[in-house]
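Working notes, beginning with the structure itself.
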2 protein chains.
Amino acid sequence: MLTAKGAATRRRIIEGAAAEIREMGVAATTLDGILGRTATSKSQVFHYFPGGKEELLLAVAAREADRVLEDQEPHLGDLGTWQTWDAWRDAVVERYRRQGVNCPLGLLVTELGRTTPAAQQLTAQLVDRWQAALRAGIERMQVAGAIDAAVDAGRTAAAIVAAIQGGVVILMSTGRIIHLEAALDTMMAFLRSAAPTDVPGHDEE
Amino acid sequence: MLTAKGAATRRRIIEGAAAEIREMGVAATTLDGILGRTATSKSQVFHYFPGGKEELLLAVAAREADRVLEDQEPHLGDLGTWQTWDAWRDAVVERYRRQGVNCPLGLLVTELGRTTPAAQQLTAQLVDRWQAALRAGIERMQVAGAIDAAVDAGRTAAAIVAAIQGGVVILMSTGRIIHLEAALDTMMAFLRSAAPTDVPGHDEE
DNA sequence: CCCAGTCTGGACTTGCCGGTCCATTTTACT
DNA sequence: AGTAAAATGGACCGGCAAGTCCAGACTGGG
């Protein structure tokens, strides 16, 4: 019960809403604003998103969450050498440098997160997926002998996700990207300092 | 031109606004909601905050920013031994554990930051003050010989602020505190791993 | 060609919320 | 006590934006 034309319109609405949010911020985003931008009418919005604005915003958030991870590929899925880690680091910084002060996802989440359990779950999923990819990368480095096996891969991955997130928040609210860079670099320095050869005293597995 | 009674009312309004935001979130905060909670009338709000809602929210943000740093004392101002660093770490985690999913400051900033330059500046100031305190702590450790002098204190301090910020954001949007803990612990582990004795190969100043 | 379901346009309703206004009361100062 | 300034209450306004409705235009299968 959704023709090709209908699916296209639905997609267009999500796309337009994301653009509107990027430009105006979540608080200033109105349905009318999205309408004008996408050349649709209000009935379309409610036709494709019966739950109204909230459902639409949630759909936008879901799409943006996917984008966040996609934009880190192919590096994120390929972490296994210091070279790939560096490439990934640069990709993350570049992605957020381009995005600048607008984070459709972050705002949606802090806006909807409190009220909508679905939004909270969406965020949790994104964090989990992100963290899992980083964890796999760390474990691969451990298997290769580049990082001490004593490092808690999961916990460290969680720390890296948090560090990035914090850097992005500071970027959004102050316009400075240095914190994101410093956070990433410091985390990378920690990983490198955890090379087995650097800590010969450790003998536990 | 502000009697004792007036000052008290003004304080009460800010207090009530902060409480309302904590409970409802910024988006759902209305002047009427604050009015009911503080037993004031709308004319008071505009009497004490001629700039209207925006000025009030900014005042709340300024107050909350101060609280953030105050709540880390006396530890934050006293970082000089691993013991004090650990105490500070615990204080931060505890502070945000108590605060839970509500961050009046973070929301105000992401909400106002984009539109109001004053809010952006406020955030930048908070970040700077926070970072300066951490930097002083790191430098004290370096002077004491507990941390390698080759560590960039300013940059590392920036990374720590970002890590905390990210942990808090994730706490707010998912309810999980583990990322904040992991981020702090990993940063601490990095600092400890940078003890001069651990890297005898470094000879540059 | 037709008809059932889908899609679209836009006028309309509804309610909320920021902001204004003015009349009244309280405070502070001499 | 008196008066000017500050503080307070609450009615009122205006606009905006979410959501509703219905009439009409497309689409696709039989």
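Naming: A, B, ... by sequence-line order, numbering from 1 per chain. Source: prediction; values computed, not measured.
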Pairs in or reaching into residues 126-140 of chain B: which pass salt bridge (charged side-chain N to carboxylate O under 4.0 Å, His left out), with residues at least two apart or in two chains? A:Arg176-B:Asp128, B:Asp66-B:Arg129, B:Arg135-B:Glu139
Check the distance between C:dC16's C1' and B:Met24's CE and give it to me in whole angstrom. 13 Å
C:dT8 phosphate, OP1 or OP2, under 4.0 Å from A:Thr9 side-chain N/O: yes
What's the NE2-P distance between B:His47 and C:dT24, to the nearest Å? 19 Å
OG1 (B:Thr9) and CD1 (B:Ile14) are apart, to the nearest 0.5 Å, by 11.5 Å
Atom CG of B:Leu35 and atom P of D:dT8 are separated, to the nearest Å, by 12 Å
Do the rings of A:Trp88 and A:Trp85 sit parallel, tilted or perpendicular, given the 30° and 60° boundaries? perpendicular
State whether a side-chain donor-acceptor pair under 3.5 Å links B:His179 with A:Gln131. yes
Pair B:Glu94 + B:Arg97, salt bridge at N-O below 4.0 Å: yes
Under 4.0 Å: is that the gap between some side-chain N or O of B:Gln44 and OP1 or OP2 of D:dA7? no
Spacing of A:Ile13 atom CD1 relative to C:dT8 atom C1', expressed in whole Å: 11 Å
By the 4.0 Å heavy-atom rule, please label A:Tyr48 as base, sugar-phosphate, or nothing. sugar-phosphate
Heavy-atom protein contacts under 4.0 Å, nucleotides 17-30 of chain D, coded B base, S sugar-phosphate only, - none: SBBBB----S----
Going by an N to O cut-off under 4.0 Å, is there a salt bridge joining B:Asp86 and B:Arg192? yes
Separation of C:dA4 atom C1' from A:Met1 atom CE, nearest Å, is 13 Å
